[in-house]
Amino acid sequence: MSAQIPEVRSTDELREKWMKPEVITGSEILLRSLLLEGVDCVFGYPGGAVLYIYDAMYGFEDFKHVLTRHEQGAIHAADGYARASGKVGVCIATSGPGATNLVTGIATAFMDSVPLVVITGNVVSSLIGTDAFQEADITGITMPITKHSYLVRDVEDLPRIIHEAFHIANTGRKGPVLIDIPKDISAAQTLFVPQTGPVTMRGYNPKVLPNKIQLDKLTQAIAEAERPFILAGGGVVYSGGHEALYEFVRKTEIPITTTLLGLGGFPSGHELWTGMPGMHGTYTSNLAIQQSDLLICIGARFDDRVTGKLDGFAPHAKIVHIDIDPAEIGKNVPTDIPIVGDVKAVLELLNQDVKRANRADAWRAQIQQWKNEKPYSYKDSDTVLKPQWVVELLDETTKGGAIVTTDVGQHQMWAAQYYKFNQPRSWVTSGGLGTMGFGFPSAIGAQMANPDRLVISINGDGGMQMCSQELAICAINNIPVKIVIINNQVLGMVRQWQELIYDNRYSHIDLAGSPDFVKLAEAYGVKGLRATNKEEARRAWQEALDTPGPVVVEFVVNKEENVYPMVTQGSTIDQMLMGDE
Amino acid sequence: MTIKNTIAVLVNDHPGVLQRVSGLFGRRGFNIESITVGQSEEAGLSRMVIVTIGDENNLEQIEKQLYKLVDVIKVIDLSSKPMVARELAMIKVKAEPPQRPEIMGVVETFRAAVVDVGTTSLIVQVIGDTEKIDAMIELLKPYGIRELTRTGVTAMIRGNA
């Protein structure tokens, strides 16, 4: 089942070779610097402005280059690689349209704090600003959606810039960093002096260790709380703080919810875990937030999909906010105890003297009661396939052990609700930006990072068509992603909103004209399967699991199915539509 | 409560930094009333002075968001302390010979200066806080202002701080 993943040849001998100062081109500097940063795989698409870079890559085998079929595929793959591995994802594109095709992917990574180094070519320095062929001001265009960016003006700066870029991308609050390299810079030669030491930048010093006084305040607040609740987010996963979080919950016995991006940061089978909160969160999590008297937010940013109407969010709670980004604290919700620091570092310090929340026994019982009374539920059917049932099938047959990537929409919410994540970096989804087209290419990246794990990409029939061209990558590289399409023949989430909020006025959501997905897969040389009932579904899915390479499995499901619970915009999160159950 | 805040931002003197800072204000919905940029006391660093209108939370967010920019070294809320704030304006005012003595009277009262004399106009230069310049403009309006340019506020904390 292993994908054809790079056999990185970075032997000590080679490493020593790269470390030798030598007069080489900017392009070679780029490649060597990437190797020194530990890069084993990049995703890219060549073009005029990066020809010197691709020329330097000719016959180069020290890392794997995956040629995608669209730059958007490349950056989402790099993103999936980063999310599933914790390493920095790298992608390369040419100037102008190549660069602008990356914009959606950069914004996706920025919103979800994913470390990427994005390399774009640009026209030769002397032509910059002249509206030259394939010129775009990509640093200008991406300024609002990058953590930092560089336009390289001198080939001598290149080693430092690359080293800084990796440092910035993967420390503090992580995020995408763009390096724009004019064509003449990639051709120019200079003495390459490798950069590997610590990075010092005056304007960039993320605070890792928290203020002790604030920690003591939290310890005290836990001792006093009668209805404490933890809201944990993606920061737990990104900081590698999941074990520390588990320990924190074990010691305090405080019930916990994890946000969409926090799924897998805490084992879903744990009795204190209450499921996801927010717009499509569990009854228990939403009620618990609203009734808590102490809300401990860990590495989450009070996104509006979590909070619902802000005025009226957690009205009785003392708010504690732990985050590495000081700007998140107080941004949306006023904070009583602000704790700035790396989630893992903060939790490890807290665990040294935190004690069981002793006054919260009645609260724990209450939460158990809610959990038992109102778990996620749907009305199953024997005549039509229910998408929730399909996700449950995937969960049962893989025992929650797969890496799951999703696109955006109803299937994403069902996957979040019904797949049971027990380990971090097993869940790859576009949260903040909600990017359709993300699900499938991100799975390619996730599989490249984890050649020996089962990677399932769950998509809708809409989003699948936004990047389906990347099926070619799976076929030629034998990347064994299991590509699931939950086909309800419409833009499901839009349909749901039009039904519930726009009075059944179904405006332009019919996806009639979609390809035969089985034939589409076959056209690329990928096995395609289809299921329209439970029996077919079980059989097709088993066949997919038994097939060593990539497989597309289309599940034709009930068109009218809605995601519940649902909090409509403008409501507080305890005002949930529960559906017909 | 909405108030006028003056903040000083010490930044790397790199191309595009002004765009990063002003872009941040724009996309976060913060209001810039004026912005001035120039060299600082240290080579390689520039100081921006930004006047912005907003409440306390707004100001806190502005400071925190600015600090997220890698090119931002330091952010100082000047208006929280006693500060000296100055702005320069040049006003080209219509001035036929008979009006000139009157205009000169205004200029002297404000300790402003006439920096250019044309056949039918004068350029008046005035330095002071925003209110002083506003007042000067009001007084010169009746004569007919042909052109007006203001630098925006630059500021410093008083004393040794």
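These values consider heavy atoms only, across backbone and side chains, with no hydrogens, waters or symmetry-generated copies.
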Applying side-chain contact (heavy atoms from CB on, under 4.5 Å) to Asp134(B) and Arg150(B), what does each step give before you reach the verdict?
CA-CA 10 Å; Asp134(B) 289 346; Arg150(B) 298 173 72 150; 2.9 Å; yes
Between chain B and each of [options], count heavy-atom pairs under 4.5 Å; write down the option with the most.
options: Gly203(A), Gly172(A), Gly140(A), Pro334(A); answer: Gly203(A)
options: Lys147(A), Glu328(A), Lys331(A); answer: Lys331(A)
options: Pro206(A), Pro326(A), Gly330(A); answer: Pro326(A)

Check whether any side-chain heavy atom of Ile128(A) sits under 4.5 Å from a side-chain heavy atom of Val123(A), and report yes or no.
yes
Under a 4.5 Å cutoff for heavy-atom pairs, which residue among Arg28(B), Gln65(B), Lys68(B), His14(B) has the most contacts with chain A?
Lys68(B)
Please check if the distance between the ring centroids of Tyr204(A) and His148(A) is under 6.0 Å.
no
Tell me, for Asn205(A) versus chain B, whether the close heavy atoms (under 4.5 Å) come from the side chain, the backbone, both or neither.
neither
Tell me, for Thr139(A) versus chain B, whether the close heavy atoms (under 4.5 Å) come from the side chain, the backbone, both or neither.
neither
Which bit of Leu69(B) is near chain A, if near means a heavy-atom gap under 4.5 Å: side chain, backbone, both or neither?
backbone
Which bit of Arg27(B) is near chain A, if near means a heavy-atom gap under 4.5 Å: side chain, backbone, both or neither?
side chain
One pair to check against salt bridge (Lys or Arg N to Asp or Glu O under 4.0 Å): Asp323(A) and Arg301(A). What are the steps and the verdict?
CA-CA 8 Å; Asp323(A) 205 298; Arg301(A) 60 185 179 88; over 6 Å; no
Between Lys132(B) and Glu87(B), is there a side-chain N and carboxylate O pair less than 4.0 Å apart?
no
So, the side chain of Lys64(B) versus the backbone of Ile329(A): is there a donor-acceptor pair under 3.5 Å, distance only?
yes
